[in-house]
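Written below as structure tokens is the structure these notes are about.
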Amino acid sequence: MKVRHIVLGLLSISVIAPIFLYTDRVGSFVNPSSSRRDFLDDVSAFETSTALKEPIGVIYSDHSTVTREHKSTRVLSATDEERQQQQLYNPIRQVIDRAAPGLTTTLDSHPNASDISAIELEQQPTQPSGKIVQEHSDNKHDRLTEPADAQVRHLKDQLIRAKVYLSLPAIKNNPHVTRELRLRVKEVTRALGDATKDSDLPKNAVDKLKAMDQSLEKGKQIQDDCAAVVKKLRAMLHSSEEQLRVHKKQTMFLTQLTAKTLPKGLHCLPLRLTTEYYTLNSSQQNFPNQQKLEDPRLYHYALFSDNILAAAVVVNSTISHAKHPSDHVFHIVTDRLNYAAMRMWFLSNPPGKATIQVQNIEEFTWLNSSYSPVLKQLGSPSMIDYYFRAHRASSDSNLKFRNPKYLSILNHLRFYLPEIFPKLNKVLFLDDDIVVQKDLTGLWSLDLKGNVNGAVETCGESFHRFDRYLNFSNPLISKNFDPHACGWAYGMNIFDLAEWRRQNITEVYHRWQRLNRDRQLWKLGTLPPGLITFWKRTYSLDKSWHVLGLGYNPNVNQREIDRAAVIHYNGNLKPWLEIGIPKYKIYWAKYVDYETVYLRECNINP
């Protein structure tokens, strides 16, 4: 009898562990349009796999007729690093979570095949179904504490067990049990439907649950080959790891692709605005208060963007919290394609008493390849090949380095602020993926103590230090910079332009850009050259001025968000994209008037 219990326990571990491993790990990639039934079909796919021929069994407790788990925790050993990675937000994985809520699994990693015996499976004691139903009706306390989807989860678990049983040779050789299990699968699938909580289930769901459990009990008595189950478990683990590798690569590619893709509505908006702009006469195309554009006593903002709606949110949120809006001047620089549309938006949606200037980067005749090394590099054949060649002999594993935004000179204008604003002494640079939550005028009165750049440091975590961005294997980098030095954030920076001119910072930037023409010092982007250019020239601001992470981290401290002057959606999950983190979108959306005629015509909705 003791041997029998050992065998039964091993069978239970062998089947349940890989099933939950597979569902949890593959959760990093799934087609968002797939249904819950697709999830169950993924499990049944193992039936026809030519590489998986060994039998496998599922065993629940002998005294259990219907297993009812109020809380079921399946834990595999994991490293702290893996637990941290699991906390990262994955919008695609949410689809899996909604599709299979019955898989209440805490799964951080899995052991090697040789370490199967180390798996710990902890389950609450099971009870006969009659007792459970009686408890449901008589015990009010249990009704209050039981999860709202307990029955749904149980039914999904039953379906998984049944599909696994149907793949075992011992079950296949018993036509009666096979037919019965297939019938139960159809009944439970029909009863389950699209239910996400117990209240969505039909009245006969409990009867279907009981019938299925009785059929599973029969299957349990037939399958008793423990060695075969362990061998099949090893094969399933290997198959799962291989699929996981493929899915991770696909997920990375699709996430990057989605982040680079312009939504249909945001493509429509500039077209609609451009058409409207050219119907205006010349006098209607001008902004008021242009005499304020070069007044150094006012609060000047630099915003370089080709995203009209994002720029509008930055301006609207800033003015909404400004104590004296008439003292604020916004200098927006955009590209040729969006110039007319950007002007039309702010002409038809003026930001109160604030002053607006919209410029076309093509008008900066001084910014050419003979003056700017980066402009020369961006137009070189090697750079074009780096971005657009389909098959590369050598490529970077990190796709973010190939984001086409790095080809836009708009992204590099931040290094030419004194040339753009020759008569100003201080400018606040803002990215177009931020939202302002407080008055920012206090930044102009800060003493930067001889530094050029005022920014919030981001070295709270190791991957935000210099060695994350710069190639310290190159002697030019290792001799001049500290790999453990704190990084800082672009997105909200106060620049002292007088000190910039005095220290000739633009020439420092040019010198390092020329040295990096073959991308051996850093990959593309503006933060690495920014860290180099403003090395020992950056003043650290209080962290409450600028809170980052809303574009990739769903666990940003809520208190920090509430007290932040600026929140930043850095990362791929921008608030204007469908993949944006829902709970953070509200901070951005409240500064968009979705009743505006242009937004309605382009079907842009919250």
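Each residue takes its place number in the sequence, starting with 1.
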4.5 Å side-chain heavy-atom contact, Leu440 and Val436
yes
To the nearest 0.5 Å, atom CG of Leu577 lies from atom CG of Asn572 at 8.5 Å
Atom CG of Asn307 and atom CG of Leu309: how far apart are they, to the nearest 0.5 Å?
6.5 Å
Do Leu273 and Asn338 make a side-chain contact, defined as non-hydrogen atoms from C-beta onward lying under 4.5 Å apart?
no
Applied to residues 558-570, the side chain to side chain donor-acceptor pair (under 3.5 Å) test, sequence neighbours excluded, yields Asp433-His568, His546-His568, Gln558-Asp562, Gln558-Tyr587
Minimum heavy-atom distance between Trp345 and Leu269, given as atom pair plus value:
CZ3-CD1, 4.4 Å
For His267, is the NE2 atom crowded, meaning more than 12 foreign heavy atoms sit under 6.0 Å from it?
no
Any donor-acceptor N/O pair, Asp432 side chain to Ser305 backbone, under 3.5 Å
no
Is the closest side-chain heavy-atom distance between Val592 and Pro606 below 4.5 Å?
no
What verdict does the side chain to side chain donor-acceptor pair (under 3.5 Å) test give for Ser544 and Asp542, after you've listed the backbone C-alpha separation in whole Å, the side-chain angles of each residue and the deciding distance to 0.1 Å?
CA-CA 5 Å; Ser544 63; Asp542 186 275; 2.6 Å; yes
With Ser215 as partner, the option from Gln158, Glu180, Lys210, Glu187 fulfilling side chain to side chain donor-acceptor pair (under 3.5 Å) is Glu180
Disulfide (SG to SG under 2.5 Å): pairs with one or both residues in residues 192-221, sequence neighbours excluded:
none
Donor-acceptor pair, side chain of Thr178 and main chain of Ile171, under 3.5 angstrom:
yes
So, do Thr189 and Lys186 sit near enough that their side-chain heavy atoms are less than 4.5 Å apart?
no
Is the closest side-chain heavy-atom distance between Leu573 and Tyr584 below 4.5 Å?
no
Return the minimal non-hydrogen interatomic distance between Ile222 and Ala170, and the atom names on each side.
CG2-O, 3.7 Å
Taking all atoms of both residues into account, what is the closest heavy-atom pair of Ile604 and Gly265, and its distance?
CD1-O, 3.5 Å
Run the numbers on Ile581 and Tyr552 for side chain to side chain contact (heavy atoms under 4.5 Å, CB included), then give the verdict.
CA-CA 8 Å; Ile581 303 175; Tyr552 70 90; 6.0 Å; no
Audit row: Arg245, Glu242, side chain to side chain contact (heavy atoms under 4.5 Å, CB included) steps and yes/no:
CA-CA 5 Å; Arg245 185 190 65 79; Glu242 180 60 25; 2.9 Å; yes
Counting N and O atoms only, with roles assigned by atom type, does the side chain of Lys590 sit under 3.5 Å from a partner on the main chain of Ser317, one being a donor and the other an acceptor?
no
Interatomic spacing from CZ in Arg184 to CG in Leu166 - rounded to 0.5 Å:
12.5 Å
Ignoring hydrogens and angles, tell me if any N or O in the side chain of Thr596 forms a donor-acceptor pair with the backbone of Tyr598 under 3.5 Å.
no
Locate the shortest heavy-atom distance separating Leu201 from Ala191; write the atom from each residue and the value.
CD2-O, 3.8 Å
Roughly how far, to the nearest 0.5 Å, is NZ of Lys197 from CD of Gln151?
13.5 Å
Can you establish whether the number of heavy atoms outside Glu601 located under 6.0 Å from its atom CD is more than 12?
yes
Where the side chain of Asn316 meets the backbone of Tyr591, is there a donor-acceptor pair that is under 3.5 Å apart?
yes
Taking every non-hydrogen atom, the tightest pair across Tyr594 and Leu599:
CA-CD1, 3.9 Å
Starting at NZ of Lys438, measure out to CD1 of Ile567 and round the result to the nearest 0.5 Å.
11.5 Å
Just by distance, do the side chain of Asp431 and the backbone of Ile434 share a donor-acceptor pair under 3.5 Å?
no
Would a distance-only check, ignoring hydrogens and angles, find a side-chain to backbone donor-acceptor pair under 3.5 Å from Lys583 to Pro554?
yes
Mark yes or no for whether Asp149, through its side chain, and Val152, through its backbone, hold a donor-acceptor pair below 3.5 Å.
no
Atom of Pro147, atom of Asp198 and distance for their closest heavy-atom approach
O-OD2, 4.0 Å
Value rounded to 0.5 Å, distance of CD in Gln221 from NZ in Lys218
11.5 Å
With side chain to side chain contact (heavy atoms under 4.5 Å, CB included) as the test, would you mind laying out the steps for Val547 and Val566 before giving the verdict?
CA-CA 6 Å; Val547 169; Val566 170; over 6 Å; no
With distance as the sole test, does Gln437 use its side chain to make a donor-acceptor pair with the main-chain N or O of Ala564 at under 3.5 Å?
yes
Sequence-distant partners of Trp576, ring-ring contact (aromatic ring centres under 6.0 Å, His included), two or more places apart
Trp588
Could you walk me through whether Lys208 and Asn204 pass side chain to side chain contact (heavy atoms under 4.5 Å, CB included), step by step?
CA-CA 6 Å; Lys208 302 299 181 185; Asn204 65 347; 3.4 Å; yes
May I ask you to test the Lys574-Ile579 pair for a side-chain heavy-atom distance under 4.5 Å?
no
